[in-house]
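Presented below is the structure to which this report refers.
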There are 2 protein chains.
Amino acid sequence: MELFWRHGYEGTSIADLTTAMGFTPPTLYAAFGSKEDLYREVIQFFLLRSERRRMEAALEQSSAYAMLRSYLYAAAENFTDPHTPAGCMVATAALQCATENQPIAQEVARIRQQMLLAFVERLNEAKTSGELPTTIDALALANFYTAIVQGMSVQAIDGANTNDLIAVVDLALSAWPGEKSEGKSQKSEA
Amino acid sequence: MELFWRHGYEGTSIADLTTAMGFTPPTLYAAFGSKEDLYREVIQFFLLRSERRRMEAALEQSSAYAMLRSYLYAAAENFTDPHTPAGCMVATAALQCATENQPIAQEVARIRQQMLLAFVERLNEAKTSGELPTTIDALALANFYTAIVQGMSVQAIDGANTNDLIAVVDLALSAWPGEKSEGKSQKSEA
DNA sequence: ATAATTATCTATCGATCACTAGAAAAATTT
DNA sequence: AAATTTTTCTAGTGATCGATAGATAATTAT
């Protein structure tokens, strides 16, 4: 996971993987089938380990604003965690790749769309509950906060630290077009 | 340029390039030296053709807010221009690559930093002129709008259209912490 | 027209790509 | 302990990677 995270799908070779894991190619192929299968498995592992945890904690918040704040602060921390490669493994993964690897790019893009849709659903709930004006375009708002997450991933890869990203998050939250009600277990402001 | 733009540095092979250009490898090497040299030349061409034009038009605006609006609207259009590959060739390029291509990644990252610094300078001018409160953190604000640009590039690659990105831009502009004075040749609102 | 130069070709270089057949070793079962 | 199964290894597959030597064709200079 760390190799794919840091170098991407095309930038990581079978030799890199087997060297890092301490065995030879046949063992890798017996265990994972192919490089593509392994990458898909790694992405799923990453999602369970990082992304899903982040999203589930965020969705527990009682307001959509608090959900976004929770998610974005967690992203700011995780993208700059010194124990893992910088950035997000899906937010900015496989954006450009060779034609033969297009299926990989599409799969990662599909996961990004799912992340977006989770935001859209939560924002629509907020419109129903009255937290957001019904005139708000939930998809546009979700695209905006998703863009922030993707931009944060780029900047983390470029060397930004946690505080840099928190400053970006605070500015993004200032664009929130509804009441800024608190969630039930909000984090402290930075 | 189109091949590198669409498939990235690692995703584009010499065979891809020579086939598209209609000659053989020795011709390419006689003309450009190496794949790496060619890529650098392509990036410079891209900057002159797209990025610099966008930035110079934006910097002509008389207010920092109008500059940002000009730049972001131009990006929304350019990133989704059907005549060119989606997204930006530098904003989201070479984020993950093999160890041996790290120099390429660093060069593109350096260009991203220059783009950021141009924003920072303009925002500091805005603080001097009184357009922005002196309490504003220009670097943080520049990081925020740069993140938006990078996120827009990701979303353009994922299939977003111009209006999708304009909606993101409008939300980003709503976070502007100063007076929203108009530039001398502003574009119409969407 | 001939000579010199430039440009492009064919054919290939060694290295590395993802991947695998078949043998050897380790673990498990009887 | 012997037989079976599973795992991992050595050693290599053909394909493609970026890049090049040497021949040929096209252009330019004399």
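Since this is a predicted model, take the numbers as computed values, not measurements.
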note = To the nearest angstrom, the CD-P distance between B/Glu100 and C/dT16 comes to 9 Å
request  = Return the nearest nucleotide to the side chain of A/Pro26; candidates are C/dA21, C/dA11, D/dG18.
outcome  = C/dA21
query = Phosphate oxygens OP1/OP2 of D/dC17: is one of them under 4.0 Å from a side-chain N or O of B/Ser13?
reply = yes
ask   = Does a nitrogen or oxygen in the side chain of A/Tyr29 sit under 4.0 Å from OP1 or OP2 of C/dT20?
value = no
ask   = Within a reach of under 6.0 Å around CZ of B/Arg53, are more than 12 heavy atoms found that belong to other residues, nucleotides or ligands?
value = no
ask   = Taking OP1 and OP2 of C/dA18, is either one under 4.0 Å from a side-chain nitrogen or oxygen of A/Ser34?
value = no
inquiry  = Categorize B/Thr18 for me: base, sugar-phosphate, or nothing, with a 4.0 angstrom heavy-atom threshold over every strand shown.
reply    = nothing
Phosphate-side-chain proximity, B/Thr24 and C/dT8, N/O vs OP1/OP2 below 4.0 Å = no
request  = Identify which nucleotide among D/dC17, C/dC9, C/dC17 has an atom closest to any side-chain atom of B/Ala15, counting heavy atoms from C-beta outward.
outcome  = D/dC17
key: Parallel, tilted or perpendicular: ring planes of A/Tyr39 versus A/Tyr9, cut at 30 and 60 degrees   = perpendicular
request  = Indicate yes or no: at least one non-hydrogen side-chain atom of A/Tyr71 is less than 4.5 angstrom from one of A/Glu51.
outcome  = yes
ask   = Separation of A/Asp37 atom CG from C/dA18 atom C1', in whole Å?
value = 13 Å
task = Taking the side chain as every heavy atom from C-beta outward, state whether B/Arg49 and B/Thr84 have any pair of such atoms under 4.5 Å apart.
result = yes
ask   = Just how far, in rounded Å, is C1' of D/dG18 from CZ of B/Phe32?
value = 16 Å
Among C/dT20, D/dG18, C/dC9, the nucleotide that comes nearest once only the side chain of B/Thr27 is considered = C/dC9
